[in-house]
Every structure is written in C-alpha cells, then in structure tokens.
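By convention here, the first residue in the shown sequence is residue 1. Read the numbers this way: they start at 1 and go in the same order the structure lists the ligands and their atoms. For clarity, every value in this text was computed on a predicted model and none was experimentally measured.
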Amino acid sequence: MNRRTFLTPSALSGLAGTAGLISGCSSGSDSGRRGAPPLDLSAPLRIPPLLHPERDSDGVRRYELTMLAGNSELLPGTSTATWGFNGAFLGPTLRASRGEQVAMTVRNTLPEASTVHWHGMRLPAAMDGGPHQMVAPGAAWTPTWTIDQPAATTWYHPHPHGATAQHVYRGLAGLFILDDGHDPGLPTAYGVDDVPLILQDKKFTADGALNGDPLKDTFGILGDRILVNGTYNPRFDVTTERVRLRVLNGSNARLYHLVFADRRRFHVVATDGGLLTAPVETDALALSPGERAEIVVSFAPGDNVVLRTLDNGVDLAKGDFDLIRFVADGRPAPSPPLPAAFAAFTPIVPPADAKVRRFTLNGHDAVNGRPMDMSRIDEVVPAGAVEIWEIENNVYSHNFHIHEVAFQLLDSGGKPASGYAGGHKDTVFVPGKSTVRLAVRFGTFTDPSAAYMYHCHILRHEDSGMMGQFVIVEPGTEDTAPRTLPPAGTGTSHQHGNTER
Ligand code: C2O
Ligand code: CU
Ligand code: CU
C-alpha cells in the first residue's frame, strides 16, 4: 500500500504546559491574518496511520491511544507545540467491524485532564467518553464495547467540559472507520483510493505557534490557514479512476462549502451515520463542525484540480480557501463502477404519536435557557424510542449534535430535507434564525446514572454551556428515573470503563 509517512512524533518537548501552547491573540495584526502566502498546493498529503490491531485469542481488538504533547512542523520551517494521539498531532485512524468487541486503553500523558469521546459511535453512556469520563494526567481509561451499527466514518476527540475547544484545537482528533461486512462496491484501499480528509482551520503567529483563543468572540476560531490531515498546502496523487474521500470537518467553528475549482460533479455516498440509499450527485458539499461525508470523485488522466471552500455568505464560512490539489498523472488504475444504490439504508420513521422535544438556541451559552450543568439530567428517553427533536435557533449559526443516536433531518427552515441532507446523521447545521426538525432513533443501552450529551458542535459554544444531558432508561421508568447525577469525580462505578493508574 502506498502509505505516506504521517507526522513523526517529534521528540516530546517540555512545552506541554497550557501556558505558551496557545499564545494570546491580542495583536490582531499578526502575520497569520494577512500574511498567508498564495498556495501552490504541492506538499504530499499526510495520511494518518491505520491502527487495526489483530484480534486477540478472545476475539477482542485492543487499541492503545496515548494523548501526548509534542512539536509538529505544520507550516514549513516552523515548529508548533501541538497535542496528538500516539504522535504529536492528530491521531491514527482506528478501524473495526460490526460485531467485533473493541477494548481501548487511553493513556493521558498531558499536563491536563481530558477525555476521549467516540463521536458517532453507538455505545453505552459509560463508554462514551463525555465530560464525566475524565482521564487524569498520568491515568488510563479502558472502555470496551461491541461495534453494532452500519458502516460509517466516525471520529474521536476530547470532551472535557470547558476545555474541548482548546484540546481539539491543539490537535487531538482522529478518525474511527467502521465496516459492516457488506461490500458496497466502493473504493477501499486506505490512503490510495479511500482517503481521509480531516479539515481544520488554524491561526498561527509569525513563528509558527498556534494562535487565537478558541474561547473568545462569538465563534472562537475562524482560522486563515487550513490544514488537511495536518498538512498545509497539500497535494494528493491520484492513481485510480475514482477516489473515495472521507471528509471530516474537524474544525472548531468553520463551515465548509466544498467545491472543485472546475466545478466538476461528484457523488456523496455517505453522511455521518453511514451510506445513503443511493449516491447523490452534486457539485457542492456543506459540512459544519463535527459532520462527515464520504464522496466519490472521478478523475481522468492529466487532471489537476483543486478542492476549495467558498464563502457562501454564512457567518461560519468566511473567506474562500484552496484546500488541496488532486493530480492524476499517468494512467489511473481501473475502479469499480459507482453502485446505483445501497441496500443497507433503513429510514428513521417516527411513529404517529412520537414524542416531540423542543430545544431553543439563543446566544451561545445555553440550551432552552439552561447552561450545561454536569449534575442535571435534562431529558430522559426510553430505550429504542424514535422521537422528533425540534431545534429552534433565534440567533446566528449553530449546529446540533446528539451522542449515541442516528437521526434524519426532516426539514430545515420549513423545507423538507433532500439529497444527501436526508442521510443518517448525528450532527446537523442549524442556520441562524431557523428551525430544524429531526427524526431521532435512540439506542438500547440503558443506564439511568450515566448521561449522553447533546450540544452545539461549535466548540466555543459547547464549552460555554450550549449543551445538555440525557439518559436512556427502560421504557416505563422515565418518570421515576433520577434527574440528577452525582458531581463529577465522585466515581459512581460502572461495571465497565474503569479508570486505572
Ligand atoms: Cu463530537 Cu459531544 O461531540
Ligand atoms: Cu459525539
Ligand atoms: Cu453554536
């Protein structure tokens, strides 16, 4: 396999402390703002290494993830203090299949407590890695669960309440690809014709330090340099007729409105929760923070085309940026034809008497007027329910992510979802001054004492309290379930997911 080297974990530096990692952003005229030189898009795209350990004799796949601090050459000739998993920036791409049991050992060698949340994963709340499952410096966390959901591109990132924006901005994020044993007839050679694209915008100081305060201003970070898999100014050499791109918006706040410079059309084949009913042809793809899409793009010999993001007038999509160049030199190897349809899709249909829950977004520090409270359970949901969640946004752009579930967008601003917007999702854009309605299918792992989160995935908003908690309980016990959780750190011990030193 043609695997390019990823960021070498550079010597662990002593620069791990909070101070100095993110320098102040007081000087608005730093070089990052206006000094971004024109891109030639020539740096080989870094491909995060795959982490796909053999199954142990007991059938379990065991993964080791270590959160660490290091230095990365993000901009050529500079050194940036960053955080990563098993390396200095970002993390490996984990891979597992439906039916497999996975066991994680997440070690924290950072100077701060953090967590690792499996965004898009259907799993018990105690394994979810939300703000209740803190991993202290020097400690390890060992969640385990069985993969039981359709094939999808999910991801993992820290979720410590109040510090998620900082931890993700410094570089803690990675993909977790799920397979399900059905061959959908799509490209599958990782890094060759099945290629991750993790999009993250940053601001840098003149000497290469990460700049900007992810907890300031309305949206935190809207950077002026965009990294793809941690590569600035990247190029990808196409060697096949078709390439499947697994695109993750791993940015703190930016909305991407992706087009090819030649406006070529491509097919969206999957969204957050997995495959669509059929490929959807389009020339533009919008992704808000936390959202994923898989697209299939055709290339002809001699193609040289740039993927860009365009300012479409939305407050979170400021500026036009070239992201990555695709170069098809030589004769591309044949690819399977694009399938006409995918069999796996099951529509999420709320029953006629579905429960409707309403959430209003005003400002950016609360949901329904209540700022996040770690000890308060906001919603109690019966296992396996299909409900309608209605999110009314009275201000500027937000989005909405629900842990553990799959949902389908019913309508946005009164318009029924169409095209790829109707796929299975866990995160959805909520345009300013509009209402979205979701058909939400909840899982069946019950635990009245461990909560899942729902929140705006603009990390500055999540950190400032635009988040709430729900539990999933046995149907019929909703009214008797407790509405509070013990304060963090008092250690309700669940049977799994121990923290050990
Ligand atoms: Cu990707 Cu609760 O987060
Ligand atoms: Cu999540
Ligand atoms: Cu928001």
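Draw a line from atom 2 (Cu) of ligand 1 to NE2 of H403 and another to NE2 of H455, and the angle between them is 110° (to 10°).
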Quiz prompt | Step-by-step ring-ring contact (aromatic ring centres under 6.0 Å, His included) determination, H403 to H119 | solution = CA-CA 7 Å; H403 288 208; H119 178 137; 7.0 Å; no
Self-check item: Criterion ring-ring contact (aromatic ring centres under 6.0 Å, His included) on H457 and W155, from CA distance to verdict
Solution: CA-CA 13 Å; H457 216 289; W155 66 301; 5.7 Å; yes
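One N or O on the side chain of H401 and one on the backbone of D426 form a donor-acceptor pair closer than 3.5 Å. At distances below 3.5 Å, not a single donor-acceptor pair connects side-chain atoms of T427 with backbone N or O atoms of E291. D378 contributes no side-chain N or O that, together with a main-chain N or O of G468, makes up a donor-acceptor pair within less than 3.5 Å. When atom types are taken as modelled, the side chain of Q149 and the backbone of R122 share a donor-acceptor pair closer than 3.5 angstrom. The backbone N or O of E462 sits nowhere less than 3.5 Å from a side-chain atom of H455 that would complete a donor-acceptor pair.
Within a radius of less than 2.8 Å around atom 1 (Cu) of ligand 1, the protein N, O or S atoms are H119 ND1, H157 NE2, H457 NE2. The Cu ion (ligand 3) has H398 ND1, C456 SG, H461 ND1 as protein N, O or S atoms under 2.8 Å away.
Using modelled atom types and a 3.5 Å distance limit, the side chains of H461 and H398 yield a donor-acceptor pair. Using modelled atom types and a 3.5 Å distance limit, the side chains of E474 and T477 yield no donor-acceptor pair.
Residue E100 forms a salt bridge (Lys or Arg N to Asp or Glu O under 4.0 Å) with just one option from R62, R95, R61, and that option is R61.
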